[in-house]
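These notes are about the structure you will find just below.
Just so it is clear, the values below take in all heavy atoms, side chains as well, and ignore hydrogens, waters and symmetry mates.
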Amino acid sequence: MQKNQCWREDKKMQNCKISVIMPAYNAEKTIDAAVKSVIGQTFQHWELLIVNDCSTDRTKEKILAWAKRDPRIHAIENPQNMGVAQTRNQGVERANGEWIAFLDSDDLWEPNKLEMQVKWVKKFHARLVFTGSAFIDKDGKRIDYCLNVPKKVVFRELLKQNIISCSSVLVQKKLLLHYPMVGKDMHEDYAVWLSILKNEGICAYGINRPLLIYRVSPKSKSGNKGKAALMHWRVYRHIGLGFIPSVYYFLWYMGRNLKKYGRIWGRMK
């Protein structure tokens, strides 16, 4: 596999800027902690693009305050409410870095998240890297469960369960420009990861450490299990999977997801 230009002449990836994309909608209660987890990264060559999707609370005010405080933080305002997929795409298009990391405005990173991913990119010449996850409830209380991830995953394995959390990825910008996020009625990020692995013929590399701290909310798309299952099915059809293969992999998804969320919700009670 041809190495990314960041590695030519044995250059370190410290010279490659990472663009962190943070979509935000009515996130006044959580966005400060999310931004602080970016600022606290041990890898410091980043820019943070916070894209406000027409929030109706104090989210915009908070974003502007952070942008004034740190020149690496940029405030972007959607002209109208566009949804999370198009909001992320807006950030990708405006990004100056060759690498993209997503962080939702209610999630958090461990301080060495980006540093560890940079090392993985260099070690494996990876184009898509993701991490394991820890979990917190809506009030920020830790849940006694961590999502473990394999060292690498290929297309057919990813069909069985989406183990690539969007807020955990580091991915080449050019891949996201070629495979933008689409649709409001499916898991748009999952469709992107599947499309990349299928069409580019690559694998995604996982770091089996809970470097992402994911906030679980019953009101989120993933919190509504019936809606999440339907959205998962739509991803299979969107990427061109036939009906019978879709049923086969959907059964895998249902089994693994019931086990995963059974553990999470059981530890929240």
Is any side-chain N of the basic residue among [X] and [Y] closer than 4.0 Å to the acidic one's carboxylate O?
| X | Y | answer |
| --- | --- | --- |
| Arg88 | Asp104 | yes |
| Arg72 | Asp70 | yes |
| Arg209 | Glu110 | no |

Exercise for review: Decide salt bridge (Lys or Arg N to Asp or Glu O under 4.0 Å) for Glu157 and Lys160; before the verdict, give the C-alpha distance in whole Å, the side-chain angles of both, and the deciding distance to 0.1 Å.
Suggested key: CA-CA 6 Å; Glu157 276 302 309; Lys160 297 177 180 179; 3.2 Å; yes
Would you check if [X] and [Y] make a side-chain contact, meaning some heavy-atom pair closer than 4.5 Å?
| X | Y | value |
| --- | --- | --- |
| Thr87 | Tyr25 | no |
| Ile213 | Arg142 | yes |
| His45 | Lys17 | yes |
| Asn162 | Asp189 | yes |
| Tyr249 | Arg156 | yes |
| Val182 | His238 | yes |
| Gln41 | Glu115 | no |
| Glu200 | Tyr179 | yes |

Can you measure from [atom1] ([X]) to [atom2] ([Y]) and round to the nearest 0.5 angstrom?
| X | Y | atom1 | atom2 | result |
| --- | --- | --- | --- | --- |
| Cys203 | Lys151 | SG | NZ | 10.0 Å |
| Leu49 | Ile100 | CG | CD1 | 8.0 Å |
| Ile207 | Leu170 | CD1 | CG | 8.5 Å |
| Asp107 | Phe102 | CG | CZ | 13.0 Å |
| Ile163 | Tyr190 | CD1 | OH | 9.5 Å |
| Lys68 | Ile73 | NZ | CD1 | 13.5 Å |

Heavy-atom pair with the smallest gap, counting every atom of [X] and [Y]:
| X | Y | result |
| --- | --- | --- |
| Gly242 | Arg237 | C-NH1, 3.1 Å |
| Phe250 | Ala229 | CE1-O, 3.3 Å |
| Ala134 | Pro210 | N-CB, 3.6 Å |
| Ala191 | Met186 | CB-CE, 4.3 Å |
| Val149 | Gly132 | CG2-N, 3.7 Å |
| Val154 | Leu197 | C-CD1, 3.9 Å |

Do side-chain atoms of [X] reach the backbone of [Y] as a donor and acceptor pair under 3.5 angstrom?
| X | Y | answer |
| --- | --- | --- |
| Arg127 | Ile202 | no |
| Asp137 | Lys141 | yes |
| Asn78 | Cys54 | no |
| Arg215 | Ile136 | no |
| His232 | His187 | no |
| Tyr205 | Trp120 | no |
| Gln117 | Val129 | yes |
| Asn208 | Pro150 | no |
| Asp53 | Gly83 | yes |

Check your understanding: Going by atom types alone, do Ser19 and Asn96 pair a side-chain donor with an acceptor below 3.5 Å?
Key ->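 Result is no, nothing qualifies.
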Check your understanding: Would you call the rings of Tyr236 and Trp233 parallel, tilted or perpendicular if under 30° counts as parallel and over 60° as perpendicular?
Key ->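 Rings of Tyr236 and Trp233: perpendicular, over 60°.
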Enumerate, atom names and distances included, each donor-acceptor pair closer than 3.5 Å involving a side-chain atom of residues 29-40, sequence neighbours excluded.
| residue | atom | partner | partner atom | Å |
| --- | --- | --- | --- | --- |
| Thr30 | OG1 | Ser105 | O | 2.8 |
| Asp32 | OD1 | Trp66 | NE1 | 2.8 |
| Asp32 | OD2 | Lys62 | NZ | 2.8 |
| Ser37 | OG | Ala34 | O | 2.7 |
| Ser37 | OG | Trp109 | N | 3.2 |

**Study point:** Among Asn52, Thr56, Thr59, the one residue meeting side-chain hydrogen bond (donor to acceptor under 3.5 Å, both in side chains) with Asn26
**Key:**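 For Asn26, the side-chain hydrogen bond (donor to acceptor under 3.5 Å, both in side chains) check succeeds only for Thr56.
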